[in-house]
Asks: 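Just dropping this structure here.
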2 protein chains.
Amino acid sequence: MSKLTIKTLAKELGLSIATVSKALKDSHEISSETKKKVLAMAEQLNYVPNPYASSLRKQKSKTIAVILPEVADNFFSLAINGIQAVATTKNYHVLIYLSHESFEIEKNAVNHCLSGRVDGVLISVSSATTTASHIEKLQNENIPFVFFDREFENFKAPKVITNDYACGYEAAKLLIKKGCKQPVFLSTSESLSICSKRSAGFAAALADAGLTNNKHEFVIDCTGTQEMIFEQLQKLLKKNKKIDGIVASVEKLAMQIYLVCLEKNINIPDDLKVIAFSTLETAPILNPSLTTITQPAFEIGKTAAEALFTMIEKKKHTITAESVTVLPSTLIERNSTSG
Amino acid sequence: MSKLTIKTLAKELGLSIATVSKALKDSHEISSETKKKVLAMAEQLNYVPNPYASSLRKQKSKTIAVILPEVADNFFSLAINGIQAVATTKNYHVLIYLSHESFEIEKNAVNHCLSGRVDGVLISVSSATTTASHIEKLQNENIPFVFFDREFENFKAPKVITNDYACGYEAAKLLIKKGCKQPVFLSTSESLSICSKRSAGFAAALADAGLTNNKHEFVIDCTGTQEMIFEQLQKLLKKNKKIDGIVASVEKLAMQIYLVCLEKNINIPDDLKVIAFSTLETAPILNPSLTTITQPAFEIGKTAAEALFTMIEKKKHTITAESVTVLPSTLIERNSTSG
DNA sequence: CGTTATACCGAAAACGGTTTCGTAAATAAA
DNA sequence: TTTATTTACGAAACCGTTTTCGGTATAACG
């Protein structure tokens, strides 16, 4: 009934607190007989040490934080799976903070990570963050952190990302090969590393193919709620009927494109070819099946977490060291770009 | 550089630790002038109190745990959104534990929640849990918890769920109305509350329509990895060509059905009509668009969290009290059941 | 036998806050 | 003026661990 602490355990056993504590962690200072007794009693009484007392004393929280924009997104949930996988093997706990693409919320979350609440943080920045002041605080407090997927450019720090530029290039190349004359790139926020790199690759491919001279705007920012995006796309396709190819920079844009086409009776791929950066499992069974550039989401989460733990485990983490690991995505052609 | 504690803050201000502590929490014992000074200095030095020291003394962790099978599932990620939404308004932190449908992992996670790591827990049980011994520990330690979606039947506790039985009934009724003679229900685990209730409703509708006498097995368990499920479905549809309707109890089953039909050239809805319990956003743009029974995932998470917090906030939480709130799902007819 | 290792255990000081309680000064009441 | 009350602050206990530092008893050694 009343809280079971190491003190009551000690009293029950007729031992000192120190002895019990050491016995529980298999110290060599304790005889094997008493160890056995202690373990048995602890098991019997179902003793679980108070994690916060331990954290306070050891200055280790045994927990990491994951800060990301959203969890209802296949990429991020897969990444979380990867992170969780390595966290559990390390016996670590994971706190989740959702920024919902708000800089304020993200800053707040980062602030929570100061002062020893976590031993490290994994972060994928929101589309609204244009300054890294909050992340610099982490650096100042010497708290290990690593970016995954959405990094902060020009910021020296460990990051694990995918080959965004190359994929943007490949996407455009495919559309061009399939005959598109006016493909556009749908961005969510050009301040986002993934978007700017992908669109840069996209633009480069257009330039290489000599398609940039027909003066159309080929990188378009789509922001807001799903409904707002829907309307923007509606207007875009109505205004510019020459658009014959689209690269969606993120998952949620792809869905809205399909919905707009459904409503406006635009045929994919005949009227419009579509490629999406996405890990959507339903891509093969969409109408039509969707050509995707699929990121290794689980692996990105996993290797980011692994990188974080190597930093946590060495006492002197050279946080300022920039180490970028790039896990390539794969282009999977399906019917949305056929013909 | 060195950790900034309340002690250094106090020394810097020429005040006692106690005074600073009280000033920071706006105690009436402190004059407004010193409060101002303290706040200013705290702001300037960027002081963040150590949460674990505070937790230890106050016996409150300001964090809750969410234990669920999976995060890469639309229903659960939406539920997490709902949970997070209320947690942030309460200034609470949320720990996430993924059971991946394993009882052992789930038990482990529950154990972590003992001993004051969290002030409460939200749990959606794995398909492998058939005993509630681990959850009883929570009760014994008087830790507030509430089930969401996947409850443990015959267990007196607060739960927020959806109207599974009625939806199973409705799903079957729709298939029958559309002319199905041998509809089947695809379960993932009959030990799971949601599945058993949904299948019970399904069976009841079949009985009411007089369709149970043709002796076919109409509730089928599909377990294992996605690949294993794919194979099971392949065999099922090959063996029993009379099956003309399917209700998928969970999201991931629906996808496999579509894939099998794609491979075996089975036409949906002509050869086979499909309904899925799912919150898939891509349902309208699938080929064909998928008829779903859509759970109010966000609201389930939200109200579960709200229920948890009312328990946390009253000192004497009558945990044994069973209070079931049911949030109804909605059947959305699409092309996978047309004709 | 005296000395030194070794094995085993306990007292007490941390860790960084919160909270109770005491107290001195200032103010109000008598 | 004396007494009671309020205001503003500090000393110290406490939360539940971990860890350092001794200390005692026994064994090993010369």
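Keep in mind that this is a model prediction, so the values were computed, not measured. Letters go in sequence order (proteins before strands), and every chain restarts at 1.
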Asks: Give the rounded distance in Å between these two atoms: OH of A:Y52 and P of C:dT18.
Replies: 15 Å

Asks: Does the pair A:K302/A:E306 count as a salt bridge with the N-to-O cut at 4.0 Å?
Replies: yes

Asks: Using whole Å, what does the distance between atom C1' of nucleotide D:dT18 and atom CD of A:Q59 come to?
Replies: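 For the pair A:Q59 CD and D:dT18 C1', the rounded distance is 11 Å.
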
Asks: Does A:Y47 have a side-chain nitrogen or oxygen under 4.0 Å from the phosphate oxygens OP1 or OP2 of D:dG16?
Replies: no

Asks: Quick one: B:K25 NZ to C:dT18 C1', roughly how many Å, whole number?
Replies: 7 Å

Asks: How many Å lie between CG on A:L9 and P on D:dT17, as a whole number?
Replies: 9 Å

Asks: Could you tell me how far apart A:N50 (CG) and D:dG16 (C1') are, to the nearest whole angstrom?
Replies: 6 Å

Asks: At less than 3.5 Å, do the side-chain atoms of A:R57 and the base atoms of D:dT18 form a donor-acceptor pair?
Replies: yes

Asks: With a 3.5 Å cut-off and no angle check, do the side chains of B:S126 and B:T129 form a donor-acceptor pair?
Replies: no

Asks: Within this structure, what is the NZ-to-P distance between A:K62 and D:dT18, rounded to whole angstrom?
Replies: 12 Å

Asks: Mind checking whether A:Y52 and B:Y52 have parallel, tilted or perpendicular rings, split at 30° and 60°?
Replies: parallel

Asks: Does B:F298 have any ring-ring contact (aromatic ring centres under 6.0 Å, His included) partners at least two apart in sequence or in another chain, and if so, which?
Replies: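 Not a single residue meets the ring-ring contact (aromatic ring centres under 6.0 Å, His included) criterion with B:F298.
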
Asks: State plainly whether the residues B:E104 and B:K107 are in salt-bridge range, i.e. N to O under 4.0 Å.
Replies: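 Yes.
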
Asks: Show me the protein contacts with nucleotides 8-11 of chain D, counting only N or O atoms at under 3.5 Å.
Replies:
unit_1, atom_1, unit_2, atom_2, d
D:dC9, OP2, B:S31, N, 3.0
D:dC9, OP2, B:S31, OG, 3.3
D:dC9, OP2, B:T34, OG1, 3.0
D:dC9, N4, B:E29, OE1, 2.7
D:dG10, OP1, B:S16, N, 3.4
D:dG10, OP2, B:S16, N, 2.9
D:dG10, OP2, B:S16, OG, 2.9
D:dG10, OP2, B:T19, OG1, 2.2
D:dG10, O6, B:K22, NZ, 2.5

Asks: Using 0.5 Å steps for rounding, measure from the CD1 atom of B:I64 to the CD atom of B:Q84.
Replies: 8.0 Å

Asks: Using a cut-off of 4.0 Å on non-hydrogen atoms, how would the nucleic acid contact of A:T5 be classed: base, sugar-phosphate, or nothing?
Replies: sugar-phosphate

Asks: Kindly state each residue pair satisfying side-chain hydrogen bond (donor to acceptor under 3.5 Å, both in side chains) with at least one member in residues 58-69 of chain A, sequence neighbours excluded.
Replies: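 Every side-chain hydrogen bond (donor to acceptor under 3.5 Å, both in side chains) pair that includes a residue of residues 58-69 of chain A, provided the two are not neighbours, is A:S61-A:D119.
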
Asks: Please report the distance, rounded to the nearest Å, between CD1 in A:I6 and C1' in D:dC15.
Replies: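 From A:I6 CD1 to D:dC15 C1': 14 Å.
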
Asks: Whole angstroms only, please: what is the NZ-C1' distance between B:K58 and D:dG16?
Replies: 17 Å

